[in-house]
Peer 1: 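Structure in structure tokens, see below.
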Amino acid sequence: MKRTHYCGELNERHEGERVLLQGWVNRRRDLGGLVFLDLRDRTGLVQVVVDPESPAFAAADRVRGEYVLVVEGAVRARPADQVNPELATGRVEVAAERIEVLNEAETPPFPVDASWRGEDDPAERVNEDLRLKYRYLDLRRKPMLDRLRLRHAVIKAIWDFLSDEGFVQVETPFLTRSTPEGARDFLVPSRLEPGKFYALPQSPQLFKQMLMIAGVDRYFQIARCFRDEDLRADRQPDFTQLDLEMSFVAQEDIWEVNERLVAHVFREALGVELPLPFPRMPYREALERYGSDKPDTRFGLELEPADALFAESDFNAFRGVLEDGGVVRGLRAPAELSRKQIAGLEEVARRYGAKGLAWVKVGGEGLTGGIAKFLDAGALRAWGARPGETVLFVADRWNTALEALGQVRLALADILGVERSGWNFLWVVDFPLLEWDSDLELWTYMHHPFTSPHPEDLPLLETDPGRVRAQAYDLVLNGTEVGGGSIRIHRRELQQKMFDVLGIPHKEAEEKFGFFLEALRYGAPPHGGIAWGLDRFLALMSGAASIREVIPFPKNQSGRDPLTGAPAPVSPEQLAELHLKIEE
RNA sequence: GGCCCCGUGGUGUAGUCGGUUAACACACCCGCCUGUCACGUGGGAGAUCGCGGGUUCGAGUCCCGUCGGGGCCGCCA
């Protein structure tokens with residue numbers, strides 16, 4: 001006889017039915033003559049009762065937590081005073097007539113049962129490396145299973161929506177060619193060609209562009225990507241993107257499809273309706289108002305220009321910055337901050353490149369503390385400061401000042417306990433095409449070298465490259481970048497010009513991207529697309545603190561997998577076959 | 001490469017100013033218990049305090065080093 005029901009679906013409608021359940025023992029309560037077992041499968045728990053007279057009693061007596069059982073018996077209503085309202089199946093129980101132990105189990109190194117009873121889960125506080133080492137046990141916990149299912153629901157919603165919109169899913173290779181731009185590649189040595197290497201893709205970028213040249217027109221892929229860089233709470237060496245690309249489109253077309261896709265995903269997976277369209281905010285505005293190219297717009301505390309306050313002041317540090325072409329920006333904290341809090345915020349500012357954090361408290365009478373003696377109370381009042389506020393200032397180069405103060409803004413929101421709820425999506429648009437690399441002393445791309453400049457700004461490419469806007473955009477959710485894309489260059493001449501501006505010699509471009517430059521010769525259509533960081537997306541959707549919580553088998557911060565022990569040494573024979581020698 | 005935080009039974013923690021046998025909760029094992037559902041109750045086992053060195057009459061505690069874990073900066077087109 002096969003399983004007739006899942007544990008969690010039983011209710012009073014099944015009363016009197018004979019059922020066969022299979023699952024794990026979540027919890028065992030032995031009352032001496034009477035044994036209760038909470039049987040668990042992926043749907044939930046149901047209480048199994050074993051009477052001493054039952055033929056199942058001997059088995060129930062030896063059963064322990066996490067044993068795997070077959071339970072056969074009859075569903076019966078619990079007496080009114082024995083109903084457990086905390087349990088979905090709490091109005092019924094299964095009177096066991098037969099219990100078969102399919103497997104025994106050792107006691108897990110950390111508890112996996114609590115979350116299934118809807119209780120505070122002690123496993124949430126267990127050392128994460130231990131959870132990763134026994135991930136198959138960790139994944140038995142309900143919140144982990146819920147996140148696996150959320151991931152499934154989101155990916156299904158993506159497939160459904162994009163299929164209906166005419167997108168074709170295409171798989172691109174894992175073993176490909178190293179393109180030494182951007183992140184460090186993971187390399188795979190070639191056995192057949194000594195000294196040569198495959199690289200794992202950092203993204204399917206060039207393949208999806210070639211699919212556009214092939215005429216696929218609309219492509220998507222749930223694509224695994226690989227980058228050999230240091231890890232973070234929101235970064236793994238292998239991670240998943242939703243990658244998509246469209247032909248004969250402008251930026252707005254891509255935004256529009258993606259907005260509807262996001263809305264569909266939220267509706268299907270979370271039951272949340274998102275208002276469309278998402279706001280669109282130019283990069284410069286995002287920096288000026290929020291000090292970030294991924295602003296958290298769920299709260300105010302916006303930054304404000306404060307150059308005029310210091311242009312004539314005796315505060316030499318700031319006036320000097322202004323005279324050197326820098327800027328001063330201010331942030332009004334609607335509270336009287338303590339010295340300790342200000343010191344903490346200053347540390348944040350310094351970590352992000354500011355020389356310091358100037359501050360002043362606005363009282364009913366006048367200004368106190370910090371740089372009060374350099375400022376005029378009337379002028380500060382006219383600037384917008386209000387009594388009771390602590391005003392914070394940073395002076396530096398434009399982007400340093402804004403980014404540092406933007407980080408101070410986020411830290412301040414934490415200090416003030418600012419309410420941050422909801423789903424604030426927005427498009428950050430009009431990114432600069434290039435940024436100046438002061439170390440290498442040349443212009444470098446901000447997105448990637450295949451990003452199309454804004455047509456209006458093309459003439460600036462040779463005269464004032466820093467002012468050229470790109471047709472590039474990021475999708476931002478609650479202060480996190482969850483996607484980024486661009487309209488690509490589809491004409492070979494312009495692509496060549498980009499390499500020139502970037503200082504990449506023809507020969508080098510030919511070596512690295514020759515195959516792609518050649519593809520551009522054969523009628524490449526205008527095209528563009530986007531890639532979502534699917535793991536970050538899921539982490540935000542599920543309220544997880546790190547993307548490791550939404551990845552079934554992640555690496556720890558050292559890039560190790562405590563479960564498999566990867567990376568691990570290999571045999572000398574394997575090395576020899578690959579023509580590799582390890583340097584001690 | 002850099003900054004910060006954390007390593008004590010299986011798990012989570014306590015351990016004061018360096019001082020006797022390292023404490024508590026949960027989990028685990030055994031006994032008792034027929035309506036529990038975080039069952040109850042009685043008993044038991046279980047830690048050389050990540051590792052190495054130093055200071056000291058004496059180190060979980062102080063110092064140095066090292067290893068491991070986490071957060072961040074750099075880096076991540």
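Naming: A, B, ... by sequence-line order, numbering from 1 per chain.
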Peer 1: Could you check whether A:Arg91 gets within reach of a base, just the sugar-phosphate, or nothing at all, counting any heavy atom under 4.0 Å?
Peer 2: nothing
Peer 1: Any base atoms under 4.0 Å from A:Arg548, or only sugar-phosphate, or nothing? Heavy atoms, all strands.
Peer 2: sugar-phosphate
Peer 1: Going 5' to 3' through nucleotides 4-14 of chain B, assign each nucleotide B (protein heavy atom under 4.0 Å from a base atom), S (under 4.0 Å only from sugar-phosphate atoms) or - (no protein heavy atom that close).
Peer 2: ------SSS--
Peer 1: Using a strict threshold of under 4.0 Å (side-chain N to carboxylate O), is an ion pair present between A:Asp296 and A:Arg409?
Peer 2: no
Peer 1: Checking all strands, does A:Tyr352 fall into the base, sugar-phosphate, or nothing category for heavy-atom contacts under 4.0 angstrom?
Peer 2: sugar-phosphate
Peer 1: Please classify the nucleic acid contact of A:Arg27 as base, sugar-phosphate, or nothing, using heavy-atom distances under 4.0 Å.
Peer 2: sugar-phosphate
Peer 1: Ignoring backbone atoms, establish whether A:Gln82 has a side-chain N or O less than 4.0 Å from OP1 or OP2 of B:U36.
Peer 2: yes
Peer 1: Please confirm whether any donor atom in the side chain of A:Asn556 sits under 3.5 Å from an acceptor in the base of B:G70, or the reverse.
Peer 2: no
Peer 1: With sugar-phosphate meaning primed atoms plus P, OP1 and OP2, does A:Glu86 contact a base, only sugar-phosphate, or nothing at under 4.0 Å between heavy atoms?
Peer 2: nothing
Peer 1: Between the base of B:C75 and the side chain of A:Arg235, is there a donor-acceptor distance below 3.5 Å?
Peer 2: yes
Peer 1: Under 4.0 Å, counting only non-hydrogen atoms across every strand here, what does A:Glu347 touch: a base, just sugar-phosphate, or nothing?
Peer 2: nothing
Peer 1: Using a cut-off of 4.0 Å on non-hydrogen atoms, how would the nucleic acid contact of A:Thr451 be classed: base, sugar-phosphate, or nothing?
Peer 2: nothing
